[in-house]
Amino acid sequence: AGLSDLTRGFRVKLVLLGDSGVGKSCIVLRFVRGQFDTTSKVTVGASFLSQTMVLQDATAVKFEIWDTAGQERYMADLKLHVQWSFDCVHADHRRIRYAALAPLYYRGAAVAVIVYDITNPESFSKARFWVKELQKHGNPNIIMVLVGNKADLHEYREVSIQDAIDYAEKNGMFFIETSAKTSDNIHELFEEIAKRLPRRPI
Ligand code: GDP
Ligand code: MG
């Protein structure tokens, strides 16, 4: 059924944050198109995709998904660089460029999905960076979700489930481990998000 056939519905802006290579674009592609493309390059073409999910009570949720086109590392590194170089004459310039970039991306977002790779502890640190960033500069009502992706690579796990659960609990976040490759928990991720949403009309 299309959106117009349904009596109730709402839309939601969702942004993905996290280090390059953790699988953000693959998660989106798996959710929206049901595909996993091992040859996918950094951007996977689109930076905006939408998908409508119909909940059990026949409410339609239209996810408007913003996926970074590979500038995530740039945004985070620029911010760190600014913090480390306050004396630098260019610091203000960089700070302005940073301030213009990242908040534009997550402005108006109701949901931020912050992704790390369970085999990569550095990506977990980067996820914590994004959580702090959103706590400081994001919409105060934003729903933050922590996602440990590449769960199929559990043999190479370097971030424990317990560490992630503890961190998520402390920060009031929902946490789930996913695999874009096997599609494990991908649908569940968006279902759990849908349950937590404030509702505004389409
Ligand atoms: P992004 O930079 O965060 O958007 O990461 P991508 O979605 O481009 O994925 C980066 C790489 O990780 C690609 O080579 C994917 O094939 C791979 N990848 C993504 N998700 C998974 C997953 O769940 N399991 C495994 N094994 N590999 C994945
Ligand atoms: Mg990507």
Side-chain angles (χ1 to χ4, degrees), residues 11-37 40-53 61-79 98 101-120 122-139 141-151 159 164 167-168 171-181 183-197:
R11 67 189 160 81
V12 60
K13 175 178 171 180
L14 180 153
V15 296
L16 285 131
L17 289 165
D19 212 353
S20 298
V22 297
K24 300 180 297 298
S25 299
C26 286
I27 289 171
V28 175
L29 280 187
R30 173 57 88 182
F31 177 56
V32 174
R33 303 211 184 116
Q35 295 170 350
F36 181 74
D37 180 3
S40 70
K41 292 287 168 275
V42 187
T43 60
V44 199
S47 57
F48 178 85
L49 285 168
S50 72
Q51 174 71 307
T52 300
M53 179 183 251
V61 186
K62 185 181 181 196
F63 286 104
E64 296 171 346
I65 304 172
W66 296 51
D67 181 22
T68 55
Q71 73 271 37
E72 57 269 51
R73 187 173 284 271
Y74 175 70
M75 291 196 292
D77 288 352
L78 194 54
K79 177 63 186 273
Y98 169 75
L101 261 181
L104 260 186
Y105 177 67
Y106 51 71
R107 178 189 297 160
V111 183
V113 175
I114 299 161
V115 185
Y116 66 92
D117 167 353
I118 68 156
T119 71
N120 179 347
E122 202 201 311
S123 75
F124 188 54
S125 307
K126 202 54 87 63
R128 297 195 302 262
F129 165 88
W130 282 116
V131 171
K132 284 195 213 107
E133 186 66 12
L134 286 168
Q135 286 169 342
K136 273 189 261 169
H137 304 295
N139 157 18
N141 301 319
I142 198 162
I143 296 168
M144 287 194 282
V145 179
L146 183 65
V147 174
N149 190 45
K150 307 197 186 181
V159 180
Y167 182 77
N171 290 276
M173 303 169 81
F174 172 69
F175 165 69
I176 193 167
E177 284 196 351
T178 59
S179 170
K181 185 173 184 177
S183 92
D184 201 36
N185 274 348
I186 298 294
H187 196 77
E188 288 78 359
L189 163 64
F190 288 89
E191 250 172 18
E192 289 298 329
I193 291 168
K195 283 186 202 162
R196 290 167 169 76
L197 289 172

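Heads up: numbering here begins at 1 and tracks the sequence.
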Apply side-chain contact (heavy atoms from CB on, under 4.5 Å) to the pair Leu146 and Phe124, showing each step before the final yes or no.
CA-CA 10 Å; Leu146 183 65; Phe124 188 54; 4.2 Å; yes

Apply side-chain contact (heavy atoms from CB on, under 4.5 Å) to the pair Ile27 and Phe190, showing each step before the final yes or no.
CA-CA 10 Å; Ile27 289 171; Phe190 288 89; 4.2 Å; yes

Verify side-chain contact (heavy atoms from CB on, under 4.5 Å) between Asp19 and Asp117, making sure each step is shown before the conclusion.
CA-CA 9 Å; Asp19 212 353; Asp117 167 353; over 6 Å; no

Would you check, one step at a time, whether the test side-chain contact (heavy atoms from CB on, under 4.5 Å) holds for Leu134 with Ile114?
CA-CA 10 Å; Leu134 286 168; Ile114 299 161; 3.7 Å; yes

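The line from CG of Leu14 to CZ of Phe31 is 8.5 Å long, rounded to the nearest 0.5 Å. To the nearest 0.5 Å, the span separating CD on Glu192 from CD1 on Ile143 amounts to 11.5 Å. To the nearest 0.5 Å, atom CE of residue Met53 and atom NZ of residue Lys62 are 15.5 Å apart. Here the CD1-OG distance, from Ile118 to Ser123, works out to 9.5 Å after rounding to the nearest 0.5 Å.
Taking 4.5 Å as the limit, some side-chain heavy atom of Tyr167 sits within range of a side-chain heavy atom of Met173. With contacts defined as side-chain heavy-atom distances shorter than 4.5 Å, the pair Ile65/Leu16 qualifies. A heavy-atom distance below 4.5 Å is not found between the side chains of Leu49 and Gln51. When side chains are defined from C-beta on, Phe63 does not count as touching Thr52, because their heavy atoms never get closer than 4.5 Å. Counting only heavy atoms from C-beta outward, the side chains of Phe36 and Cys26 approach each other to under 4.5 Å. Within the 4.5 Å cutoff, the side chain of Ile142 has no heavy atoms near those of the Val111 side chain.
Cation-pi geometry between Arg196 and Phe174 is met: the NZ or CZ atom falls under 6.0 Å from the ring centre, inside 45° of the normal.
Residues passing the salt bridge (charged side-chain N to carboxylate O under 4.0 Å, His left out) test with Arg128: none are found, sequence neighbours excluded. For Glu188, the salt bridge (charged side-chain N to carboxylate O under 4.0 Å, His left out) test picks out no residue, with sequence neighbours left out. By the side-chain contact (heavy atoms from CB on, under 4.5 Å) test, Gln135 pairs with Val131, Lys132, Met144, Asn171, sequence neighbours left out.
Using modelled atom types, no side-chain atom of Lys181 and backbone atom of Ala151 make a donor-acceptor pair closer than 3.5 Å.
Counted by atom type alone, Asn149 and Thr178 present one or more donor-acceptor pairs between their side chains at under 3.5 Å.
Between Arg30 and the options Ile186, Leu189, Asp184, a side-chain contact (heavy atoms from CB on, under 4.5 Å) holds for only Ile186.
Ion pairing between Glu122 and Lys126 fails under the 4.0 Å rule for side-chain N and carboxylate O. Taking the charged nitrogens against the carboxylate oxygens, Asp67 and Lys24 have no contact shorter than 4.0 Å, which rules out a salt bridge.
The aromatic rings of Tyr106 and Trp130 sit perpendicular to each other, their planes meeting at more than 60°, with 30° as the lower class boundary.
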